[in-house]
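Heads up: numbering here begins at 1 and tracks the sequence.
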Amino acid sequence: MEYKVLQEKSILDLEQKVNHYLKEKWQLQGGVSVTYNRGNGSNDMFYAQALVKM
């Protein structure tokens with residue numbers, strides 16, 4: 001089994017990347033995670049999705 005975590009700053013970019021991997025027979029593992037980086041004056045948001053491939 002392979003495990004991969006995709007991460008992007010844009011939900012649209014994450015959707016495109018996830019769709020690419022789904023076409024390559026990867027499967028979703030759980031839901032989308034969202035986190036903020038609020039350090040050093042930053043306010044970046046990150047989206048992540050885990051995938052597995054048997």
Side-chain angles (χ1 to χ4, degrees):
M1 176 187 298
E2 294 179 73
Y3 179 80
K4 182 178 286 292
V5 177
L6 306 177
Q7 174 185 302
E8 291 290 339
K9 285 187 175 182
S10 159
I11 192 69
L12 295 176
D13 290 341
L14 181 64
E15 286 176 359
Q16 289 177 348
K17 194 178 273 188
V18 167
N19 283 326
H20 167 78
Y21 278 91
L22 290 175
K23 289 177 186 172
E24 298 295 319
K25 307 297 183 202
W26 287 80
Q27 297 177 346
L28 300 174
Q29 181 69 33
V32 173
S33 295
V34 181
T35 189
Y36 292 93
N37 177 12
R38 295 189 180 195
N40 296 327
S42 175
N43 198 23
D44 294 333
M45 185 182 298
F46 294 92
Y47 303 91
Q49 174 66 58
L51 301 147
V52 293
K53 188 172 187 180
M54 302 295 201

Margin query: Using every non-hydrogen atom in the two residues, find where S10 and Y47 come nearest and quote the distance to one decimal.
Written below: C-CD1, 3.9 Å
Notebook entry, point to check: What is the distance from atom CD of Q7 to atom CG of D13, rounded to the nearest 0.5 Å?
Noted result: 12.0 Å
Notebook entry, point to check: Quick one: are Q49 and L28 in side-chain contact, heavy atoms under 4.5 Å?
Noted result: yes
Note to self: Between Q29 and K4 (side chain of the first, backbone of the second, donor and acceptor by atom type, cut-off under 3.5 Å), is there such a pair?
What the structure shows: no
Margin query: Restricting to non-hydrogen atoms, name the atom on A48 and the atom on V5 that form the minimum distance, rounded to 0.1 Å.
Written below: CB-CG1, 4.2 Å
Notebook entry, point to check: Nearest 0.5 Å, what's the CD1-CE distance between I11 and M45?
Noted result: 9.5 Å
Notebook entry, point to check: Can you tell if the side chain of Y36 reaches within under 4.5 Å of the side chain of D44, non-hydrogen atoms only?
Noted result: no
Next item on the list: Find the distance between CD (E8) and NZ (K17) and round it off to the nearest 0.5 Å.
Entry: 4.0 Å
Notebook entry, point to check: Nearest heavy-atom pair of Q27 and L22: which atoms, and what distance?
Noted result: CA-CD2, 4.4 Å
Check: When rounded to the nearest 0.5 angstrom, what is the spacing between NZ in K9 and CG in L14?
Finding: 14.0 Å
Check: Atom CH2 in W26, atom CG in L6: separation rounded to 0.5 Å?
Finding: 8.5 Å
Notebook entry, point to check: Please walk me through it: do F46 and N37 pass side-chain contact (heavy atoms from CB on, under 4.5 Å)?
Noted result: CA-CA 8 Å; F46 294 92; N37 177 12; 3.8 Å; yes
